[in-house]
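Sequence lines set the chain letters: A, B, ... in the order given, protein chains first and strands last, and positions in each chain run from 1. Keep in mind that this is a model prediction, so the values were computed, not measured.
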2 protein chains.
Amino acid sequence: MTDTTPRRRGRPPSGGREAIREATLALLRERGVARLTTRDVAERAGVSEASVYYHYTDKAGLLRAVFEAGLERLQSAAVDGDGTLLTFGQELERFLEQALPVMTAAQSDADLRDALAAHMVANDLGPHRGVQTLGAHLAAGQRAGTVRPDLDPQAAAMLFVSSCLLRVAQRQFVGRADAPPVPSLERTVAQFEALIRPVA
Amino acid sequence: MTDTTPRRRGRPPSGGREAIREATLALLRERGVARLTTRDVAERAGVSEASVYYHYTDKAGLLRAVFEAGLERLQSAAVDGDGTLLTFGQELERFLEQALPVMTAAQSDADLRDALAAHMVANDLGPHRGVQTLGAHLAAGQRAGTVRPDLDPQAAAMLFVSSCLLRVAQRQFVGRADAPPVPSLERTVAQFEALIRPVA
DNA sequence: GTCTATAGGTTGATAGAC
DNA sequence: GTCTATCAACCTATAGAC
């Protein structure tokens, strides 16, 4: 065997970079951006404050790195159209559950907001990805005869995808403590499938 | 006539309070909470900084007042189920367009986040309101025979309501500059109406 | 690459006159 | 109720040694 062991090329790192990013994300969720200080990030990550500035030039750079890392999973994990509709919804909600806090955090600063928007446009990220994925799946279902032919795949897909967003948003905004009276994912799946079924 | 003229009782105000709140909201949208300072609020409102602290005890109190004022419209305007589905969607989006920035802003501080959540629970605010409103409308449609009887009104309503949220969220997050490839309200309305129509 | 120490600049909040 | 003046705290960022 030649060299299957993943020997890193350049950096023999101490893991400081990652630790800083993870600490930032954790504090972001706990306290929100307004109370996020480089001091606390450094302490939580177990490094000095200067280290933070060494790796990420400034606070904005740190935050940008955090949400770019958090969002890049969408690229791959972007929920393949295979599997059941329930699975799709679960994966989507799981993704949103971790992406939404980061995106809302970016809204707190105009510069960050713009940076995030630019990043999303550049990498073709956004809700439309989920819509397109499910839309394609529905279109395939139409050709297979399992979905009613008079359906607008994109529009229908949006209905379902957005319901996942609403559920996650509600959990994040009003908190998961007191049961929210909004239909569950399972119930929504059942309803959606009933609606898109061929009428004949 | 006795006294139809709305003569205020206690305060012959100079409008300072409102000016401060409006300035806060404006700056909130422009810069985000992270860069919102009481200094700038005062300047924008045309008052001194001390005035801000006189009316609202501290910064958190100011922000709480802002989003309570911004959200109380939901109470009344909560979009009556009359009118067309298109009208309903338009009103809902208009409301979200102004409520969402405030709600995302609250996410930037743990205390504010909790305060907002408590306020929403206490006043029974949240996405479920729209769902229930439209759900009731759909149920009425079922009794009238204009909506297919095997429909789950709540679940179906959620599909539509959430699509409005997604549209607004996309506009706010990625920005309205580059046209987002997500189906328009009109297209969604058309699709939704086609889906809930009786099959017979 | 990581540390300690510190400079420099904001910011939230208060005191006290009017 | 509104102002001016001011403080104390804090936070970002840098300098320089190791």
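Heavy atoms of B/S48 sit under 4.0 angstrom from at least one base atom.
Side-chain atoms of A/T84 and A/T87 include a donor-acceptor pair closer than 3.5 Å. For the 3.5 Å distance criterion, the side chains of A/S162 and B/S163 fail to qualify, holding no donor opposite an acceptor. Using a 3.5 Å distance cut-off with no hydrogens or angles, the side chains of B/R31 and A/S108 do not pair a donor with an acceptor.
Here D/dT2 presents its P atom at 10 Å from CZ of B/R17, a figure rounded to the nearest Å. Rounded to an integer number of Å, the gap from CD of A/E18 to P of C/dT2 is 13 Å. Residue B/D58 contributes atom CG, which lies 5 Å from atom P of C/dA13 at whole-angstrom precision. Rounded to an integer number of Å, the gap from CD of B/E43 to P of C/dT11 is 12 Å. The separation between A/E49 atom CD and D/dC10 atom C1' is 11 Å, rounded to whole Å. Summarising the geometry, the separation between CG on B/D109 and P on C/dT11 is reported as 16 Å, rounded to the nearest angstrom. Per the geometry, CD1 belonging to A/I20 stands 14 Å off P belonging to D/dA13, to the nearest Å. The distance from atom OH of A/Y56 to atom P of D/dA13 is 15 Å, rounded to the nearest whole Å.
There is a path of hydrophobic side-chain contacts, each under 4.5 Å, that joins B/L185 to B/V168.
The residue among A/K59 and B/Y54 whose nearest nucleotide of DNA chain D is located toward the 5' end is B/Y54.
Interface residues of residues 24-41 of chain B facing DNA chain D, ordered by number: none; criterion, heavy-atom separation under 4.0 Å.
If you take CG on A/L116 and CG on A/L112, they are separated by 8.5 Å, rounding to the nearest 0.5 Å.
Among the nucleotides C/dA13, D/dT14, D/dC3, the one closest to any side-chain atom of B/A50 is D/dC3.
A/Q191 places no side-chain N or O within 3.5 Å of a backbone atom of B/A156 that could act as its donor or acceptor partner.
Taking all atoms of both residues into account, the shortest heavy-atom contact from B/L166 to A/L165 is CA-CD2, 3.7 Å.
At D/dA13, one or more side-chain N or O atoms of A/Y53 fall inside 4.0 Å of OP1 or OP2 (strictly under the cut-off).
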